[in-house]
Asker: 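If you scroll down you'll find the structure; I have some questions about it.
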2 protein chains.
Amino acid sequence: MALEHALLVALSERPASGLELTRRFEKSLGFFWHATHQQIYRVLARMEADGWVTVEVVEQEGRPDKRVHTPSATGRRVLADWLATPMPMETFRSELAVKLRGASYGDRAALVRNLRDARADHALRLATYEQMEREQFPDPTGLEPGVRDRWLVLRGGIRLERFWIDWITEYLQAHEMETS
Amino acid sequence: MALEHALLVALSERPASGLELTRRFEKSLGFFWHATHQQIYRVLARMEADGWVTVEVVEQEGRPDKRVHTPSATGRRVLADWLATPMPMETFRSELAVKLRGASYGDRAALVRNLRDARADHALRLATYEQMEREQFPDPTGLEPGVRDRWLVLRGGIRLERFWIDWITEYLQAHEMETS
DNA sequence: ACCATCATGTAACTTGTTACATGATTAC
DNA sequence: GTAATCATGTAACAAGTTACATGATGGT
C-alpha cells in the first residue's frame, strides 16, 4: 500500500518501463524509497491488472521491446486520493541504533571501527547529494511547483545524511572522551 | 536477520516475557525499531528452538504464568558476532517523502494540512524524548558505558525528530512563499 | 569465446501486518 | 455484567529479499 503510489508518482513525472523505473528509484526518489526490479515488476503487473496503468509495447532497434507504463485515469485518481489521506506516523528501523544500544554485549572497538566506516559512507552520499543540488538547482528561488518539490525532497536527503553524520559523530566523541 | 538481534540486546539488558518485550519496544528501543507482539512471539519461539535463549516459566499470583527468556551462551555469541559485523547502508523508506514529491498530482492544500499535522506529531514526540532526557539523564557526563549507550540512542531519537520537523518546516515555508 | 548490458520475468523464502482466539483477573 | 488488563498465541495475508532464468546485442 505504498510502492504502488511511489510508482504512480514516478510514472506521472514520466512514463517508463520496469527497468527504467528501477534505475530512477536508485536515484532521486531512492533517497527515501528503495525497490528492486523484482518487486517493481510484480507491482507493475498488479497495477496493470487493476487498470491503474496502461501499457504500450515499444519496439527498439537492436534491443528487446520494452513495455512503457502510463497512469490511467483510474491511476491518477488513486494517486490523488492517496496524496490527500493523512500520513501515518512513520516507523523507522535502524540496525545502527540497535548496535549502539547493544555495544556493551560485544566488542566495542570493532563497533567503533564500523561506525567510522558508516559515517564515511554517509559523508560520501551527502557529498553526492550536495553536488546534485548545486548542479540541478543552482537557484532554488522561483522554481515551478513540480521542480520545487523535487528540490525539497533532495533537501530532505541532505538533511537525513547530516542527521546520520552528526549522530555518529556525537557517539564517537562520547566514546573518545572515555578512552582518553 | 535483525529483530532477533534487537531482542537479544533487550534480553541482555534484562530477561523478559514476550509481552514485557513488546512494551519495552514501544519505548526506548522503539525509537528506532518497532515490532508487534505477534512478531515478537514468533521470533522468540524460533530463538528458543535454535537455542539462542532459555525459557523459565514463572508462576504469578492472580495472573497467567509468564515465560521469561534469557540469552544462552549461544545467544550471547550470536549477538557479539552480529555487533562486530559491518553495517549495511541503511535504506530508509518514507511515505512522506513520496507525497512531497508527488504533490503536483493531487490536492496540494490537503497535503499541506496533513504536513502540519505530521509536524505537530513529531513535535509532540520530540517533547516526550526531551523530557525523558532531562529526567533520566540530567547529567550525561561520566555515565557508565551501558547507560551512556542508552542516552546516545535517545539522543538519536531527538535528532531524528528534529530532522523531521526542520524538513517539514522547510517545505511549508517554500510553499508559503509561493502562495503569499 | 566471453562478459556486460538491456529487458522481463519466476520461485522460494523471510519479514511484517492485521484480525481473531483464549482464559483468567481486576476495576467500575 | 461489562470492560480492561495480563499473557500467549494462530492464521491469513501483504511486502520485501535472494537467487535464478531467458534471450538478444555489443564490446574486447
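The sequence lines fix the lettering, A, B, ..., with proteins before strands; numbering per chain opens at 1.
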Asker: So, does A:Arg93 use its side chain to make a donor-acceptor pair with the main chain of B:His34 at under 3.5 Å?
Answerer: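 Yes, A:Arg93 side chain to B:His34 backbone: donor-acceptor pair under 3.5 Å.
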Asker: In whole angstrom, give the distance that lies between atom NZ of A:Lys66 and atom C1' of D:dT22.
Answerer: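 After rounding, the reported distance stands at 20 Å.
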Asker: Look at the side-chain N and O atoms of A:Arg46 and state whether any lies under 4.0 Å from the OP1 or OP2 oxygen of D:dA14.
Answerer: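 It does not, given that no N or O in the side chain of A:Arg46 lies less than 4.0 Å from OP1 or OP2 of D:dA14.
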Asker: Can you find a pair of side-chain heavy atoms, one from B:Leu7 and one from B:Trp33, that are under 4.5 Å apart?
Answerer: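 With C-beta onward as the side chain, the pair stays apart.
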Asker: If I take atom CZ from residue B:Arg159 and atom CG from residue A:Asp166, how far apart are they, to the nearest 0.5 angstrom?
Answerer: 5.0 Å
Asker: How long is the line joining CD of B:Glu48 and P of D:dG9, in whole Å?
Answerer: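 Those two atoms, CD and P, are 8 Å apart.
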Asker: Tell me which pairs pass ring pair (Phe, Tyr, Trp, His ring centres under 6.0 Å) where either residue lies in residues 113-134 of chain A, with sequence neighbours left out.
Answerer: A:Phe31-A:Tyr129, A:His122-A:Trp164
Asker: Between the protein and nucleotides 16-19 of chain D, which nitrogen or oxygen pairs come in under 3.5 angstrom?
Answerer:
from   : atom 1 : to      : atom 2 : distance (Å)
D:dG16 : OP1    : B:Arg93 : NH1    : 3.0
D:dG16 : OP2    : A:Gln39 : NE2    : 2.7
D:dG16 : O5'    : A:Gln39 : NE2    : 3.4
D:dG16 : N7     : A:Arg42 : NH2    : 2.6
D:dG16 : O6     : A:Arg42 : NH1    : 3.3
D:dA19 : N6     : A:Gln38 : NE2    : 2.8

Asker: Indicate whether OP1 or OP2 belonging to D:dT8 is found under 4.0 Å from a side-chain N or O atom of B:Tyr41.
Answerer: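 Yes, B:Tyr41 has a side-chain N/O under 4.0 Å of OP1/OP2 on D:dT8.
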Asker: Looking at B:Glu13 and B:Arg150, is any side-chain nitrogen of the basic one under 4.0 Å from a carboxylate oxygen of the acidic one?
Answerer: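 No salt bridge links B:Arg150 with B:Glu13.
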Asker: In this structure, how many angstroms lie between the C1' atom of C:dT25 and the CG atom of B:Asp65, rounded?
Answerer: 14 Å
Asker: Kindly calculate the angle separating the two end axes of the helix from C:dA1-D:dT28 to C:dC28-D:dG1, each obtained from five base pairs, and round it to 10 degrees.
Answerer: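 It comes to 20° between the two terminal axes.
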Asker: Would you please name every residue forming a salt bridge (charged side-chain N to carboxylate O under 4.0 Å, His left out) with B:Arg116, sequence neighbours left out?
Answerer: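 Salt bridge (charged side-chain N to carboxylate O under 4.0 Å, His left out) check on B:Arg116 returns B:Glu176.
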Asker: Please identify each residue that fulfils salt bridge (charged side-chain N to carboxylate O under 4.0 Å, His left out) with B:Arg24, with sequence neighbours left out.
Answerer: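 Salt bridge (charged side-chain N to carboxylate O under 4.0 Å, His left out) list for B:Arg24, sorted by chain: empty.
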Asker: Hey, are A:Thr70 and A:Glu56 close enough side-chain-wise for a donor-acceptor pair under 3.5 Å?
Answerer: no
Asker: Pull out every residue in residues 14-25 of chain A that has a heavy atom closer than 4.0 Å to any atom of DNA chain C, ordered by number, or say none.
Answerer: A:Ser17, A:Gly18, A:Leu19, A:Arg23
Asker: One pair to check against salt bridge (charged side-chain N to carboxylate O under 4.0 Å, His left out): B:Asp149 and A:Lys99. What are the steps and the verdict?
Answerer: CA-CA 10 Å; B:Asp149 289 336; A:Lys99 288 195 180 181; over 6 Å; no
Asker: From CD of B:Glu26 over to P of D:dT5, roughly how many Å is that when rounded to an integer?
Answerer: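 It is 12 Å, rounded to the nearest whole Å.
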Asker: Enter the distance from A:Phe137:CZ to A:Leu152:CG here, rounded to the nearest 0.5 Å.
Answerer: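 These two atoms lie 9.0 Å from each other.
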Asker: Please lay out, stage by stage, how A:Leu115 and A:Trp167 fare under the test side chain to side chain contact (heavy atoms under 4.5 Å, CB included).
Answerer: CA-CA 10 Å; A:Leu115 276 179; A:Trp167 185 25; over 6 Å; no
